[in-house]
Q: 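Below is a structure I'd like to ask you about.
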Amino acid sequence: MTLSIIDFHSHFIGPRWPLSADHHASAGERARWTGINRQLASVDALLEQVEHGDLAARVISTPVALFGPASGTLSADSWQRINDDLGALVSVHPGKLHGLASVDAYSGEAAAREVIRAVRDVGLRGVFVDSAKGDLLLDAPQARPVLQAAAELGVPVFAHPINPQPLSRQLAPYGRLGTLLARGTVNAATLVALLEGGVFDEIPSLQVVVTTLAIGGVLLAGGFGEASGVRTDAATLLRRHLYIDTMNFHPVLIRAAVDLLGVDHVLAGSDWPIVSEGPIGGRAKAGFDAAGLTPAEQALVAGGNARRLLGI
């Protein structure tokens with residue numbers, strides 16, 4: 001069985017934006033980040049597995065944290081240029097690349113207007129936002145206009161992890177595992193905020209995507225149930241509003257995601273090129289098989305769910 005895989009979690013940063021992640025990396029991580037930065041800015045690298053490998057397409061997003069100020073605050077015209085650049089790239093590779101609009105979700109109506117422009121005029125297929133900004137999570141009133149705009153347009157919001165402070169500093173001595181834990185914690189926290197903050201109740205058509213790193217939040221909200229004091233409809237709301245990606249294609253995590261959210265709410269996603277472990281197809285198929293997914297279920301996770309979610 002050949003899977004038609006759409007990698008929902010891929011990143012690209014155009015040449016006009018100077019990458020800075022390697023500047024802040026530890027000596028041991030600097031060489032790794034230098035290699036990642038080369039791939040982040042390379043269209044050839046982005047398309048390699050689509051044109052000569054085992055991917056049907058990539059869904060690409062631009063993480064401002066890798067080149068912007070630590071505050072995550074850019075000028076309005078910078079957000080527009082990011083999205084225009086991504087739209088131009090997607091337009092010359094139709095069907096192979098699909099783009100998500102980057103916005104500062106915590107900047108209110110201005111960000112909502114950019115969502116509308118980027119989707120309607122530029123042709124991007126969804127919205128890419130940080131899970132948090134300072135003390136704010138996605139249930140903050142400042143983020144409500146962006147979430148509402150995405151829901152009205154019928155496009156998903158990809159809530160991406162960041163390095164939250166002070167947790168990232170506290171866990172820094174523990175290397176990459178500490179970093180992943182910090183990022184997963186904030187990704188899980190924002191989904192809990194959306195659930196408990198009433199956002200899913202207020203915006204019934206909102207569709208949110210989180211990464212595998214947020215699986216702890218999915219488990220706590222959707223798996224512990226009423227006996228633990230979690231709201232009785234938590235599992236139902238998550239199955240209605242939440243999608244999760246697969247990242248490293250670990251069968252235990254895939255099985256947990258399918259059991260908690262339903263097979264129609266799990267998306268193949270690798271976090272390329274931050275996580276770059278060679279061709280995706282073989283790893284994905286092995287993970288799906290080990291997770292006990294049927295051929296029909298594998299087809300959904302590999303690409304069918306992404307096609308439905310993005311309307312492609």
Side-chain angles (χ1 to χ4, degrees), residues 1-14 39-63 85-102 119 122-128 154-158 160 207 209-212 243-251 253-254 257-258 261-291 293-312:
M1 173 185 176
T2 300
L3 293 172
S4 179
I5 301 173
I6 297 176
D7 186 354
F8 189 89
H9 191 169
S10 302
H11 300 304
F12 177 78
I13 298 174
Q39 290 184 301
L40 277 168
S42 170
V43 176
D44 289 342
L46 182 69
L47 288 168
E48 173 66 23
Q49 289 190 52
V50 178
E51 296 185 332
H52 307 292
D54 49 15
L55 289 183
R58 287 192 186 276
V59 180
I60 51 176
S61 48
T62 300
D85 288 351
L86 203 60
L89 176 62
V90 166
S91 71
V92 297
H93 300 286
K96 297 178 180 179
L97 300 177
H98 307 282
L100 304 179
S102 291
V119 172
V122 182
L124 300 180
R125 296 276 182 178
V127 187
F128 181 78
V155 298
V157 176
F158 186 8
H160 194 259
Q207 302 287 286
V209 181
V210 295
T211 72
T212 298
Y243 289 75
I244 192 168
D245 76 8
T246 57
M247 282 182 65
N248 67 354
F249 300 100
H250 193 293
L253 297 176
I254 293 170
V258 167
L261 297 179
V263 72
D264 56 340
H265 278 238
V266 182
L267 306 166
S270 70
D271 196 15
W272 184 93
I274 313 302
V275 177
S276 184
E277 299 177 354
I280 289 172
R283 290 187 291 125
K285 185 69 169 65
F288 297 160
D289 285 343
L293 301 191
T294 67
E297 290 172 332
Q298 293 189 27
L300 285 175
V301 176
N305 294 334
R307 291 182 186 281
R308 186 188 73 254
L309 184 63
L310 297 173
I312 55 177

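One is the number of the first residue; the rest follow in order along the sequence. All heavy atoms count here, side chains included; hydrogens, waters and symmetry mates do not. Given the structure is predicted, the values throughout are model-derived calculations rather than measurements.
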Q: What's the separation between atom CG in Leu86 and atom CZ in Arg125, rounded to the nearest 0.5 Å?
A: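 Result: 12.5 Å between the selected atoms.
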Q: Determine whether Ile60 and Leu46 satisfy the following criterion, side-chain contact (heavy atoms from CB on, under 4.5 Å), listing intermediate values before the conclusion.
A: CA-CA 9 Å; Ile60 51 176; Leu46 182 69; 3.5 Å; yes
Q: If I compare all heavy atoms of Ala290 with all of Pro251, which pair ends up nearest, and what's the gap?
A: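 Heavy atoms of Ala290 and Pro251 come nearest at CB-CB, 3.5 Å.
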Q: What pair of heavy atoms forms the shortest contact from Ala291 to Ile254, and how long is it?
A: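 What the structure gives for the nearest pair is CB-CG2, 3.9 Å.
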Q: Can Leu253 and Asn248 be said to form a side-chain contact (heavy atoms from CB on, under 4.5 Å), step by step?
A: CA-CA 9 Å; Leu253 297 176; Asn248 67 354; 4.1 Å; yes
Q: Looking at the rings of Phe8 and Phe158, which for Trp means the six-membered one, are their centres under 6.0 Å apart?
A: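 Phe8 vs Phe158: aromatic centres under 6.0 Å.
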Q: If you apply the rule side-chain contact (heavy atoms from CB on, under 4.5 Å), what do you find for His98 with Arg307, and how did you get there?
A: CA-CA 10 Å; His98 307 282; Arg307 291 182 186 281; 5.9 Å; no
Q: Tell me if a side-chain donor or acceptor on Asn305 pairs with a main-chain N or O of Val263 at a distance below 3.5 Å.
A: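 Judged by distance alone, yes, a pair lies under 3.5 Å.
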Q: Is the side chain of Arg58 donor-acceptor paired with the backbone N or O of Leu47 at a distance under 3.5 Å, no angle test?
A: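 A pair under 3.5 Å: no.
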Q: Scan Thr246, Leu300, Thr212 and name whichever one has a side-chain contact (heavy atoms from CB on, under 4.5 Å) with Val266.
A: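 Exactly one pass, corresponding to Thr246.
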Q: Show the nearest heavy-atom pair for residues Ile5 and Ala284, with the distance to one decimal.
A: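 Reported closest heavy-atom pair: CD1-CB, 4.0 Å.
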Q: Keeping Ser42 on the side-chain end and Gln39 on the backbone end, is there a donor-acceptor pair under 3.5 Å?
A: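 No.
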Q: So, applying side-chain contact (heavy atoms from CB on, under 4.5 Å) with Asp245, which one of Asp7, Val59, Thr211 is it?
A: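 Only one option passes, and that is Thr211.
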Q: Provide the closest heavy-atom pair for Ile6 versus Ala56 in the form atom of the first, atom of the second, distance.
A: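 So the two residues come closest at CG1-CB, 4.5 Å.
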Q: Classify the angle between the aromatic ring planes of His160 and His9 as parallel (below 30°), tilted (30 to 60°) or perpendicular (above 60°).
A: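 Judged by the thresholds at 30° and 60°, the geometry between His160 and His9 is perpendicular.
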Q: Please report the interatomic distance CG(Leu40) to OG1(Thr62), rounded to the nearest 0.5 Å.
A: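 Going from CG on Leu40 over to OG1 on Thr62, the span is 9.5 Å.
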Q: Roughly how far apart are Phe249 CZ and Lys285 NZ, rounded to 0.5 Å?
A: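 Rounded to the nearest 0.5 Å, the CZ-NZ separation comes to 13.0 Å.
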Q: Going through the distances and angles, do Asp289 and Gln298 end up as a side-chain contact (heavy atoms from CB on, under 4.5 Å)?
A: CA-CA 8 Å; Asp289 285 343; Gln298 293 189 27; 2.8 Å; yes
Q: Given Leu309, which partner from the list Val209, Asp264, Val155 fulfils the side-chain contact (heavy atoms from CB on, under 4.5 Å) test?
A: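 For Leu309, the side-chain contact (heavy atoms from CB on, under 4.5 Å) check succeeds only for Val209.
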Q: Can you see which heavy atom on Gly87 is nearest to which on Val122, and at what distance?
A: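 For Gly87 and Val122, the tightest heavy-atom pair comes out as CA-CG1, 3.6 Å.
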Q: Can you check whether Phe12 reaches Leu97 side chain to side chain, under 4.5 Å on heavy atoms?
A: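 No, every pair of side-chain atoms sits at 4.5 Å or beyond.
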Q: With no hydrogens and no angle check, is any side-chain donor or acceptor of Asp271 less than 3.5 Å from a backbone partner on Met247?
A: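 Here the side-chain-to-backbone pair does not exist.
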Q: What are the two closest non-hydrogen atoms of Val275 and Ser270, and how far apart are they?
A: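 In terms of heavy atoms, the two residues are closest at CB-O, 3.4 Å.
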Q: Within the side chain of Gln49, is there an N or O that forms a donor-acceptor pair under 3.5 Å with the backbone of Ile280?
A: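 Side chain of Gln49 to backbone of Ile280, a donor-acceptor pair under 3.5 Å: yes, one is there.
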